[in-house]
Structures are given as structure tokens and as C-alpha cells.
Peer 1: 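Sharing a structure below in C-alpha cells format, with a few things to ask.
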Amino acid sequence: MTQEIANDSVNPSSKNYLNQETTIKSWLLTTDHKRIGLLYLVSITFFFLIGGAAATLIRVNLMTPEGALLSADTYNKTFTMHGVIMVWFFLIPSIPNVLGNFLVPMMIGARDLAYPKLNLASWYIYIIGGMFTFITIIAGGVDTGWTFYTPYSTLFSNSFVIATATGVFITGFSSILTGLNFIATIHRMRAPGLTWFRLPLFLWAIYSTSVILVLATPILAITLILIALERIFKIGVFDPSLGGDPLLFQHLFWFYSHPAVYIMILPGMGVISEVITCFSRKRIFGYKFIAFSSVAIAALGFLVWGHHMFVSGQSVYAGIVFSFLSFLVAIPSAIKVFNWTATLYKGRISYTTPMLYVLGFIGLFTVGGLTGLFLAAMAVDVHVHDTYFVIAHFHYIMVGGMVSAYLAGIHFWWPKISGRLYPEFWGRLAALLLFFGFNLTFFPQFLLGYLGMPRRYHNYPPEFQVLHVMSTLGASILAVGYLLPIFYLLWSLRYGRKASKNPWGATGLEWQAATPPPQFNFHSTPFVTEDPYCYLNEALTEIDFKPQGEVHD
Amino acid sequence: MNNTRFSFFPMQASTFASQVDWLTITLLILCCIICLIVFGLILFFGIRYRNGSPHSRKIEKQNQQTVEWSWTVGTLVLFLALFTWSTVIYFQMHAPPSDSSEIWVVGKQWMWKFQHSTGKREINELHVPVGKPILLTMTSQDVVHSFFVPAFRIKQDVLPGRYSRTWFEATKTGEYHLFCSQYCGTMHSDMRGKVIVQSQSDYQNWLQSNPPIKIPTLYNRLGCANCHDRTSAIRAPSLIGIFGKRETLSDGSTILVDENYLRESILNPQAKIVKGYPPVMPSYAGQLNEEDILDLIAFIKAQKATQENDPRNSQ
Amino acid sequence: MTERITKNPIDIEPAHKLHAEQFDSMEHQQETASIGMWIFLATEVLFFGGLLLVYTVYRTTYPTVFELAGKNFNLGIGTINTVILLTSSYFIALAVHFARNDQSRRSARFLALTWVLGFSFLCLKAYEYYDDIERNIVPGSSYHDIGYHYVGPNPEAARMLYFIYYALTGLHALHMTIGLGAIAVLYHRSIKKAFSSHYYTPVEVVGLYWHFVDIVWLFLYPLLYLMDRHS
């Protein structure tokens, strides 16, 4: 099982970031990165439940070929809501704003982020954008799909396009400011001894993600403005009858949205590296390769947007370039998977809840990533584009991958965040339910897609029903897998066993702070003396690791 | 539909289908191999090196760099091969044979309208002969749609304001799903139809069964002959043999006379004037819908330079 | 180092102003603030870049129309504004220099000059918009009633140019207005001697922002005003 350190003890001082001040005002006006992380945790869970409710409606509607549950118009609004909420209000902020906010300063031995007040502002901006969008949905919603393709969204849709675009626009600034904060923090606030190549890989992942956040989101901002201007003033930028080009929208949109999907996986990969080393008690295999892979994915990710447009009318030659680059961008991800597998070799593997999520991630992400090859191959993409094959592909990566990693991270750092241990039995059960339910939900969708079932269909030809029913069945199991952690994590806050400073025996600097940490994390500036992941897999003694740094009390 | 039995692959009913399926199967096998290796190793390591197992954890001197570069280069080579294969097929998908029969397609919310070269029209059903290449020239009346026939493995977005093309050669008679696969509004899921592939004789019979629309009626009604006829007093470029020519414009540049140029000349004639002609042609924007424009273009294309014909009298 | 000082920092003598909790020193705080502004400016490059991409796409599609219709923009005002903005950048650079060298009053003076020049730019711009509208350089509801002196094919492209013109210059003017607000705040703080060689971060950071706004204009000016003007 896990390793507990003999002379480790619960934080003797009673003051920590949670109980320092408990008024509502102290929470809503906090500049403490740890509290802000928790504010995000509550908010994104709220949005996740809404997006999940939409998913439930979709899957239940698709149980019958006639789509009996919802009208066509309601269905269209439902899948749009599902996409908008899950992408912008759940997935993009998930690991960066919850785990990133909490951990970045602690992993580098800093007292807070570079701009704590800006961090709080980011959260408020996110909430304002989120509420705006939420109210829009209640008022009637939007039916363009999360992709807002023109000219449908600009000339034909009778729904709240501008309002939704405004909500997303506002939230975009939260992303930009978060990324800005992380980049500046990682550059300037590292503890003495912490060189770039001693950074935990989680930070390389967050750094690469932040570069994407900062550079890609502004393009989304201008694109949303153009949609609004087009709807109000009929400028014509996307309207062929006024000299414009609907494909220009697609280029602008995907120039942001492709890098955005890397925002929705890179941080997860960072978590994997942290957890897999701890529960194999072994150094990571290929540190530099994994670090550079994160950077390569971020960079190459900006060059492949046209692979969403192979059948759009884009030139054949552009298609060839994008296809080539899309194959290339798969390579760094493959390298990571190989390196993680090699990390397990001659380790001492224990199957804790975080480790189960990690192994699930590797399985599901590998399948998702490999199916990306089918999509990069243009000739196959012509057949499966805009079908359920694509839906299955991105859910394997975003849900099977990112959400598994997010849950791995939440469980791994839960003791540090809350001072409590979650119940291990329920944790493992939830992980297994998620893995099994997920596969049952989404694997049939690959088959559906290749058979020709198009996306965004409210009803469908009857021969597709069997696979749809299987998928819905899986979704009901998956839903349990998601809801369980909410219950037992909340339960643990009151009744869970109190956690020691470093219950897993992990090497990161964050584990050297008290559990839960005080307001400014460390009593004095840590000093880093080791490479990360200094686990001694050959050691047979109880202390089989060296913490990355020292903090003198 | 033919396909009521459950199967993993849709029917293969075009020359592309087996090519695409072979590529898919290869990809599938490669992915399975990679998964077997990776998952197999994870399972193996997971059991052998679980906490508490007695096996030695001593790591011999490893050449990490070699291992890293081998699997990097290995994946790179593999991916390049897959890329090349797929690109070759993709090129073929964009190279319709010169003897393809043309069919015009207009997508609009929420139906598909077809017109064969004889003028015969269909809605939501497309009859085609087996064994002959068919070129679809498509446009949209409103938003972006997408023409998708799973059994043929073809798909092409259909855009307003321009023409997009796709082609196929059906290999098996039968009825196949046609889907709109680009979300286009409320009734997107119902924008479906079928492609009916018939033997060549059946197709000919079907084609003759209703008389085609008289194309010149539109040409005359709009007064095109008044200027474009050879005998007209007002000088306008002759339309005989014009399709496929390179014309020189008033600003000195040259342009290929294709469907897009013809469409533009009908709707926005002042945009590009042929050198040596006065800029006096009126615009017909607002008087014609997409199908009318396609009718006119079809008519102009049919005016071959070798034929002796008078546009006002032909059927 | 763990004690917090709760007095309002502005009331403290500059030499003793404390850096924020998460930093090791004032110098540390200043360097980090600079980095933050540079990153923010990178996002602004992408933001304007999107609009410039739209401009580029349509200019290459309709080159003649853009050039013809573009001749209607007020070259005189555009040029004067360019000179004004460049000069204001010089002044704010001086303001940063003096702030760094403990010369608050001089710094305040140059901040005021920068503000005046920036404000003049906006006034001239407002007049220019008024004049444009008078001359009907406005994308109307139908593209038949736009374009003073513009008669020719593809009038809808002229309309698009005019929209892009208002969008680009309007976005730029918005950024300038925000900049003017920041400079005004800096001026008032400078008078109260809030800045010194020990602490001049806000001046430097606003200076960077102002230079960026200037550089954006240096792109906009030739792209909008100097199309096909050879003489």
C-alpha cells in the first residue's frame, strides 16, 4: 500500500489556509492561490453537472431512432450547450485553474503566484462569463453547435448567438490572465536550486498549456466579435452574397480551437508523470523527452488546424500540408506513452486510486490518440469526418484522458488540499466504474461513425439503434463513476482520516509544506537539491525516496 | 436500404470504398499491434513489478537515448508511410475522370435537389448508373451543408456562393443512404435521402421516362440572346465554345472560364469584363435562384464550338 | 519578512515601500511585472492580428477595390496623428527615464505631455470619423449608398473595407483610451512622489503598453491610408 513516513506528523500548528479566516468575505476576496483553486473547484463542478445533464438528455434521446425525448430544436440546443459548457467552463479551466492554481507556487517553492490579485480577477471574470452563458441557456439557448459555423450562426439561427458568444468572450480573458500568471510565475518565482530541468513535469505541462492559453485565446476573442458584428451590422466578412467567405470563419475558429484541444490534454499529461512516478517508486524514464514533448505539442498544435477542414472546400494542397503536420503532432504524445510505460519497468507498483486513474488514462488516451491517426489520414477522414467516429475520438482523449487525469490529480493531492484522506475502497470503485462505463459508452461510437452515423443528428436510421443503446447504457454507468467522487470527497472533509504531511511519500516540494499548508505555503524559502522524482526503486527500506528540496522550519 | 444485417463496415459500393477500407484496416491492425505491445507491457510490468513481488529491481546500464530515438524514429517512419498512402487516395478523390457524367446538386435547408444533364430533376433521391464515373457539381442555397454517402466513402461540404465538386463510380446496384453531414439547422437530421444505383440500361430507361425541362426558355426569357447571339447589334462575347477557354480581361489578366466565372458574370457582370467589350451587361442577381443559374451554366457548357447551332431553336 | 505592513503603500516614503509578499525584493517584483506586461502584449498582438488577417484576406481578394476605396480616407489627419503618436511615445519613454532617476516632477510633466498628445490624437480621430460620415464613407445598410467617389465593381468589398477601417481604428482608439486612463492615474501618483528609483514599475509597465499601442498604429497607418499612393 502507500508509504507513510515514520516521523511525519500532522501539522502541529492549527493555522492553515483553510481555517485562517472563515468568513465568506475572506473567501470571496482572497488572493491566496490555494483558496482560489478551491473556488474554481466548486465552480467547475457546478458547470460539469450542467454539461453532464445535457449529455444525459442527449444519450436518452438517442435510445430510439425517432429521437422521441426531445424535439429537434431542443436537441440542437442541448448538444450546443453540452459542447459550450464542457469545453469552456469545465475542461479548459479544470486542471490549470484547480490543480495548477493550487500547486504551481508550491511546486516551485514560492509563497504565491506572481500576480495574486490578477488570479482572483481571473476567477471573477470566469464567473461572470459563466453566469452570462448560463442565463442565456435558461433564456432559450443557442442552436449553432459549439463551433458556431457561418453562415448559419450569422444569418440563419434565431437563437441567442451573440449572448452566448459574449459569455465565452468574457471567460476567454480568464484563460488569458491565468496563462499569463503561470508563465510569469514559473519564470521568475522558482526557489533557489530549481533549474528548468529540475522542474516537475507537471510544470512543463502547465507552462506549455499557458503559452497556448495566452496566444490562441485572443484569436477566439476576435472571431466571436466578428460573429457579433456580422449579426448586428451585416458586415459581410462571412457572407458570400456580400463578398465574404464562410471558410474564413472556419480558419479563424479552428486556429484557436485546435490549440484549445491541446489545452484540454497537456495538463493531464503533466499529472500522469507526477502520479506514475510516485506509485512506481521510480524515476521517470526520459525526463527531457517528456518535457520537450510538451513544448512540441504546444508548438505543433498551432500548425494543424486545417485537419478539421479536409472536406470543407479548402485546397487539396493545404490539406496535404495539414495532414502531414497532424501525423507529426502525434509523435510527441506517443513518446510520452512509451516513456510512462518504461517508467513502470522494475518499479514497485501499488494500485491506489490515483494510480488506477493513471493506468486508465494511458489505456484510454492511447486509443483516442491512435484514432487521431485515422483522422489525420485524409482519405479515411473524408469518410468519418462529422460522424460519430470523431465524437468517439475526442471523448476518448478529453474524457477518457483529461478527466481521468483530473480525477487522478484530485485524489493524489486531496490530502494536501484538504488535510484528509478519501476512502480508498470507494475511490477505486469509482475509477473502475469510470473506465468500464466509459468504454461501453464510447467504443460503440467508433463503429457507429464508420458505419456512417453523422454527428448532431436528433434522429437516425433504425439500423444504428443497437449501438446507440449500448452507448447509452455505458453512459449510465459512467455517470455513477462521476458522481461517486463528489459524494465521498465531500464526506471525507468531515469524516475522512486526517492526513499526514506526506502520506504517499512523494518527492515534490509541495509535500514538504504542512498539511494543509499555511497561507504562504512554507515557513521559509525552500532550497532545491535534487532532480524531480528521486524515488529509489531498488531500496528495500521504508524511506525509498529523497524529497526534492528542504525547508528549514 | 440493403444493409439491414449488422456489420462493422458499411457496404462497399464505389471504387473508393475498398481503397479506403484497406487503409482503415491497415490502420486498425497497426493500432491493435501498438495497443497490444503497450498494454501488454503495462500488464506485464504491473504484475511482475507490483509492490511486494520478489523480482530484482536492479537496473542495468541502459542506453536511454537509443531507446528514445528508436521509438521516435520508428513512429515517424510509420506515420510517413501512412500519410503517403492516404494522400495518394485523396488525390484520386479529387481527380474526376474527364468522361464523367455531370449532375448538378443544390443543397438547401433541408433537402437535396438534383439535376441530371438532360434536365431531369429529383429531390432527395439520386439515380445513377453503375460502373460510370459521376461528377457532382454542388452549391448551397443558404448555409453550409455536406453531401455524404457512407457506402461510397465520399463526403464534400456544399457551400453558398461557390461550387464544390466530388466524384464517384458506383460498383454495385442498390439503394444507399445519403446524409447531410454538416450541421445546418433545425431539421439537419432529416436532410437525408438515398442514392439509387441502377444498371446502365435501367438508368437510361428511368432517364427517358419524363421529358427534360426546356433550357432555352430561360435563356430567351431573360434576353441573353439579345446581346450574346452572333447576329446581335450589341456586342457581347459569343458563348459558343466559351466554357474551358482562357479569356483575357480588360485589365490584362487572364481567367479560365469555369462554372464560378460564369456564375459571377451572370450575377456581377461588372467584376470581370472581357477585353475589348463594353461594360454594359446588366446583373441578374435577385432574378435567379441557384438552380436557374445551374441550368444556364449547363446550357452554356453544351454550346460546343464544333456544332452548328442557334441557341434560340435548340431543344 | 513574514509580518505584513498594513499602511497604505502610497503614504509611505518611496525609499521604504515594501514589495508584495510573494516576492523577495522590489527588484524581483519589478522584473516580474515587466514580464507580465510583455506576455499581455503578446496576446494583444494575436488579438489585432486576427483583424489584420481578415484585412489581408480581403485585400488580396479585392485589391483594386480596396485601393480605390481606400483613397477616401483622410490622409492628412492620419499622418498628423502618426506624428503625434510617435512623439507621445518619445515623451513617455522620457517619463519612465525620469521616474527611474528619482525626478518625479519631470516625470510627471512628461506624463502630462503624453496624455495631452494622446488626447489630441483621439480628438482628431473623432473629427475624422465625423468627417468620414459626412462624406458618406460609411458601410450603409445597402451597399448602394456607400463610397464617396467610389463607383465600380464589387461595391460590397468597399463596404467591407470601411467596416474593417472602423473596426481596426476603433479597437485601437479603445486601447488608447484605456492607456490614457492609466497615464492619468500615473500622473497623479507621480505628483505625490509615489515613484522613485526604488519603485517605478507602474510607469515602466504603462510605458510598454503605450509603445505597443503606437506600434499597432504604425501597422494600421500604411495599411489603411497608404494603399496605392505613390506620390
Side-chain angles (χ1 to χ4, degrees), chain A residues 31 33 105 110-118 172-173 175-177 179-185 187-189 192 210-211 213-223 225-226 229-230 233-239 241-245 247-248 251-252 255-256 518-521 523-525, chain C residues 1-2 4 20-24 27-58 60-62 65-66 138-143 153-168 170-171 174:
Chain A
T31 53
H33 65 99
R111 304 160 71 73
D112 206 313
L113 287 175
Y115 316 114
K117 290 191 210 144
L118 204 63
F173 285 103
S175 294
I176 292 175
L177 294 175
L180 197 156
N181 224 332
F182 286 154
I183 294 177
T185 306
H187 269 283
R188 305 293 327 167
M189 318 269 291
S210 300
V211 170
L213 282 168
V214 152
L215 295 180
T217 316
I219 297 280
L220 175 71
I222 200 74
T223 309
I225 289 180
L226 285 172
L229 289 178
E230 183 85 336
F233 297 113
K234 311 262 185 283
I235 316 173
V237 280
F238 303 133
D239 181 358
S241 67
L242 292 176
D245 184 3
L247 276 190
L248 178 60
H251 281 290
L252 282 169
F255 187 80
Y256 159 76
Q519 184 180 1
F520 292 105
N521 304 332
H523 295 295
S524 60
T525 308
Chain C
M1 206 171 98
T2 51
R4 307 215 60 164
E21 188 70 50
Q22 68 271 21
F23 296 111
D24 297 328
E27 198 188 310
H28 188 202
Q29 177 171 320
Q30 298 214 124
E31 285 171 359
T32 311
S34 268
I35 272 200
M37 180 48 80
W38 279 106
I39 300 171
F40 176 69
L41 294 180
T43 72
E44 293 278 51
V45 167
L46 267 296
F47 191 55
F48 276 95
L51 260 183
L52 286 172
L53 175 73
V54 175
Y55 167 91
T56 310
V57 165
Y58 288 119
T60 44
T61 313
Y62 304 109
V65 180
F66 266 44
V138 175
S141 56
S142 128
Y143 51 67
N154 290 328
E156 66 275 10
R159 195 162 163 274
M160 221 183 309
L161 168 64
Y162 295 152
F163 253 121
I164 293 175
Y165 160 78
Y166 285 109
L168 275 170
L171 198 61
L174 174 68

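Chain A is the first sequence line, chain B the second, and so forth, proteins listed ahead of strands; every chain is numbered from 1. Treat the numbers as computed from the prediction; the structure is a model and nothing was measured.
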Peer 1: Nearest heavy-atom pair of Met160(C) and Leu242(A): which atoms, and what distance?
Peer 2: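 Minimum heavy-atom separation between Met160(C) and Leu242(A): CE-O, 3.6 Å.
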Peer 1: Find the distance between CZ (Phe173(A)) and OG1 (Thr43(C)) and round it off to the nearest 0.5 Å.
Peer 2: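 Here the interatomic distance stands at 8.0 Å.
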Peer 1: To the nearest 0.5 Å, tell me how far Arg159(C) CZ sits from Lys234(A) NZ.
Peer 2: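 Reported value, rounded in 0.5 Å steps: 10.0 Å.
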Peer 1: What are the two closest heavy atoms between Pro116(A) and Gln22(C), and how far apart are they?
Peer 2: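 Shortest heavy-atom separation between Pro116(A) and Gln22(C) comes out as CD-NE2, 2.9 Å.
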Peer 1: Less than 4.5 Å to any heavy atom of chain A: does that hold for the side chain of Tyr58(C), its backbone, both, or neither?
Peer 2: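 Contact with chain A is through the side chain of Tyr58(C) alone.
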Peer 1: Mind checking the OH-CG spacing from Tyr256(A) to Leu46(C)? Nearest 0.5 Å is all I need.
Peer 2: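 Rounded to the nearest 0.5 Å, the OH-CG separation comes out at 12.5 Å.
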Peer 1: Considering only heavy atoms and a distance below 4.5 Å, find which of Val214(A), Ile176(A), Val211(A), Leu177(A) pairs most often with chain C.
Peer 2: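 When all of Val214(A), Ile176(A), Val211(A), Leu177(A) are compared, Val214(A) has the most.
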Peer 1: Which atoms form the tightest heavy-atom contact between His28(C) and Arg188(A), and what is the distance?
Peer 2: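 So the two residues come closest at NE2-O, 2.6 Å.
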Peer 1: Between Leu215(A) and chain C, with a heavy-atom cut-off of 4.5 Å, which part of the residue counts as in contact: side chain, backbone, both or neither?
Peer 2: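 Interface part for Leu215(A): both.
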Peer 1: Side chain, backbone, both or neither: which part of Leu113(A) has an atom under 4.5 Å from a heavy atom of chain C?
Peer 2: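 Leu113(A) touches chain C through backbone heavy atoms alone.
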Peer 1: Checking Glu27(C) now: which residues fulfil salt bridge (Lys or Arg N to Asp or Glu O under 4.0 Å) with it, not counting sequence neighbours?
Peer 2: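 Expected list: none.
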Peer 1: Taking every non-hydrogen pair under 4.5 Å, which of Ile35(C), Thr32(C), Val54(C), Ile164(C) racks up the most with chain A?
Peer 2: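 Heavy-atom pair counts peak at Thr32(C).
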Peer 1: Atom CZ in Phe23(C), atom CZ in Arg111(A): separation rounded to 0.5 Å?
Peer 2: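 Here the interatomic distance stands at 12.0 Å.
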Peer 1: Between atom CD1 of Ile222(A) and atom CG of Leu52(C), what is the distance when rounded to the nearest 0.5 Å?
Peer 2: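 Output value for this atom pair is 9.0 Å.
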Peer 1: Please look at Tyr62(C) and chain A and tell me whether the side chain, the backbone, both or neither of the residue comes under 4.5 angstrom of a heavy atom of that chain.
Peer 2: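 Interface part for Tyr62(C): side chain.
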Peer 1: Between Gly236(A), Ala114(A), Pro105(A), Gly179(A), which residue shows the highest count of heavy-atom pairs closer than 4.5 Å to chain C?
Peer 2: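 Option with the top pair count is Ala114(A).
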Peer 1: As an exercise: rank Leu248(A), Asp112(A), Ile235(A) by heavy-atom pairs under 4.5 Å with chain C and give me the winner.
Peer 2: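 If we count pairs closer than 4.5 Å to chain C, Ile235(A) comes out on top.
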Peer 1: Between Phe182(A) and Ile39(C), is there a side-chain heavy-atom distance shorter than 4.5 Å?
Peer 2: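 Sidechains of Phe182(A) and Ile39(C): no contact.
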Peer 1: Tell me, please, which residues at least two apart from Tyr166(C) pass side chain to side chain donor-acceptor pair (under 3.5 Å).
Peer 2: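 Counting only residues at least two positions away or on another chain, Tyr166(C) forms no side chain to side chain donor-acceptor pair (under 3.5 Å).
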Peer 1: If you define the side chain from C-beta out and look only at heavy atoms, does anything of Val57(C) sit under 4.5 Å from Asp245(A)?
Peer 2: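 Side chain of Val57(C) against side chain of Asp245(A), heavy atoms only: no contact under 4.5 Å found.
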Peer 1: For Ala110(A), which atoms come within 4.5 Å of any heavy atom of chain C: side chain, backbone, both, or neither?
Peer 2: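 For Ala110(A), there is no contact with chain C at all, as no heavy atom is under 4.5 Å.
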